[in-house]
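Below is one structure, written out as structure tokens; comments come after it.
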Amino acid sequence: MSSAHTLQGFKRDGRIAIVGASLAGLRAAEALRGEGFTGSLTMIGDELGEPYDRPPLSKQVLTGWVPTDGTTLPQRRDIDAQWLLGVPASGLDLATNHVHLADGNDVAFDRVLISTGVRARPWPVEAEASLHGVFVVRTRGDAEGLQQALAAGPSRVLIIGAGFTGSEIASICRERDISVTVAELGPAPLVGALGAVIGGVAADMQRAHGVDLRCGVKVTRLEGDAQGRLCRAHFSDGSTVDADVAVVALGGIRNTDWLQDSGLAVGVWGIACDSGCRAFDFNGLVTDDVFVAGDVARCPHPVYEYRFISLEHWANAVEQADIAAHNMVNAQADRWPHLAIPAFWSIQFGVNIKSVGVPTFADEVVVTQGSVPDRRFVAAYGYQGRVTAAVSFNNAKWLDHYRKLIETAAPFPPPCPTPDRPVDAKPVPVDFPGPLLLSQGATVVVTGHDPSERRVTAVRIHR
């Protein structure tokens, strides 16, 4: 933004473009208007229709409880925006401050927010991915197609990938009394996100509900019949399974392709930005007029040694949107840092799984409350003697307590605040697949309550 513009002048007459008209983009637009921005606001999105909520697509929509058009996000205020929907952005020119669109048009801006999110990772063999009965789940159209396929009563569903989305869909299949096979390359479901201890619990839970869970194997080929319909899958161990529906749940691809020539610090994990959501350029310099929020943002977190963290979490998208919007229209001295502790939830096989913190930033885990066999417990994660995360199974009421432990760099293992601590509770290695890239312990704690006073303070490292 030109130095000739005053802040008040920008709030009155400036031009802001938001690329990505989903949860983070919509909430940022609402926050901008709430901050007193009365200038031009343009919303750019590659999907037609109003912004909608994605978590229900792998949950309530597939059960038939909620129709796909019932996932529209409520608008908390009139954002008075120009909506350019159904045409994706194709480029970003920082020299002239223009967003290029795929239809050849341009959108000029003074400041831009990028909230383009992720798309589903498709099955890598195009001919097999196009077989009738092969699905991904990311958009309304994806969820509607899969819901119809499940309602038709398939003989067996194959789910490729046992992360949260794959596990939730497996749960829905069993709820609908549909036979389901889950193929997971790792040693257990959820192991990449929550480690081997919780992964083992998730595996037992799936098998107890009749899931044909196959871990440590890879799907090598999807076979179709003469009519182009999926009929069989082949595995790396030489086995096969007959199925007429397959769900590819292999994670997401961040929507940054359109930014490859923009000069921004873009990679497979998203767009690097500072804790105020300002994007870094290719040289590692912070930009003044480009902001990032939501699944596509890769942001350093002081509590986690300033590691750049990418999160596909609903709450994170909303919190970053508010931070980015505030910082877009306020002076440097009044800007807020994004210091929220990540939180996530999932419902599968009748169990409410919630987490707080970053479980992958840990070297040990211990069950601090409840009973694992009853699937009602809390497990705390620690790194070099301090609490970094917690996961609950049907026991989420204590997670605010663990959030405070994380924010204050409390020692690990933590004291149990209730009498239901297991008598034999001992920390064990967290055992994530692949290397853990960790170094020193916590050096900060989070203070303050509202965004205007949320800051970090240096503390002595716990050993």
Under the salt bridge (Lys or Arg N to Asp or Glu O under 4.0 Å) criterion, do Glu47 and Arg54 qualify, and how do the steps go? CA-CA 13 Å; Glu47 292 188 66; Arg54 296 188 189 274; 3.1 Å; yes

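- A donor-acceptor pair shorter than 3.5 Å cannot be found between the side chains of Tyr383 and Glu364.
- Here the side chains of Val182 and Gln206 are in contact, with some heavy-atom distance below 4.5 Å.
- Here the side chain of Arg403 pairs no donor or acceptor atom with the backbone of Gly357 at under 3.5 angstrom.
- Judged purely by atom type and a 3.5 angstrom limit, Arg229 has no side-chain atom pairing as donor or acceptor with the backbone of Asp244.
- Judged as a side chain to side chain donor-acceptor pair (under 3.5 Å), and not counting sequence neighbours, Ser392 has no contacts.
- Paired with Ile309 under the rule side-chain contact (heavy atoms from CB on, under 4.5 Å), one option of Thr360, Val358, Asn316 passes, and it is Val358.
- Taking the six-membered ring for Trp, Phe37 and Phe10 have ring centres closer than 6.0 Å.
- Within a 6.0 Å radius of CH2 in Trp269, no more than 12 heavy atoms belonging to other residues, nucleotides or ligands are found.
- With Phe235 as the aromatic partner, Arg214 meets the cation-pi criteria of under 6.0 angstrom to the ring centre and within 45 degrees of the ring axis.
- Counting only N and O atoms by type, the side chains of Arg386 and Thr408 include no donor and acceptor under 3.5 Å apart.
- A donor-acceptor distance shorter than 3.5 angstrom exists from the side chain of Tyr381 to the backbone of Leu194, with no hydrogens or angles considered.
- Formation of a donor-acceptor pair under 3.5 Å by the Arg232 side chain with backbone atoms of Leu222 is not found in this model.
- Residues Leu230 and His132 have side chains not in contact (no heavy-atom distance under 4.5 Å, counting atoms from C-beta outward).
- Using modelled atom types, one side-chain atom of Ser236 and one backbone atom of Lys218 make a donor-acceptor pair closer than 3.5 Å.
- The closest donor-acceptor contact from the side chain of Thr388 to the backbone of Phe361 lies under 3.5 Å.
- Between the side chains of Glu35 and His326, at least one donor N or O sits under 3.5 Å from an acceptor N or O.
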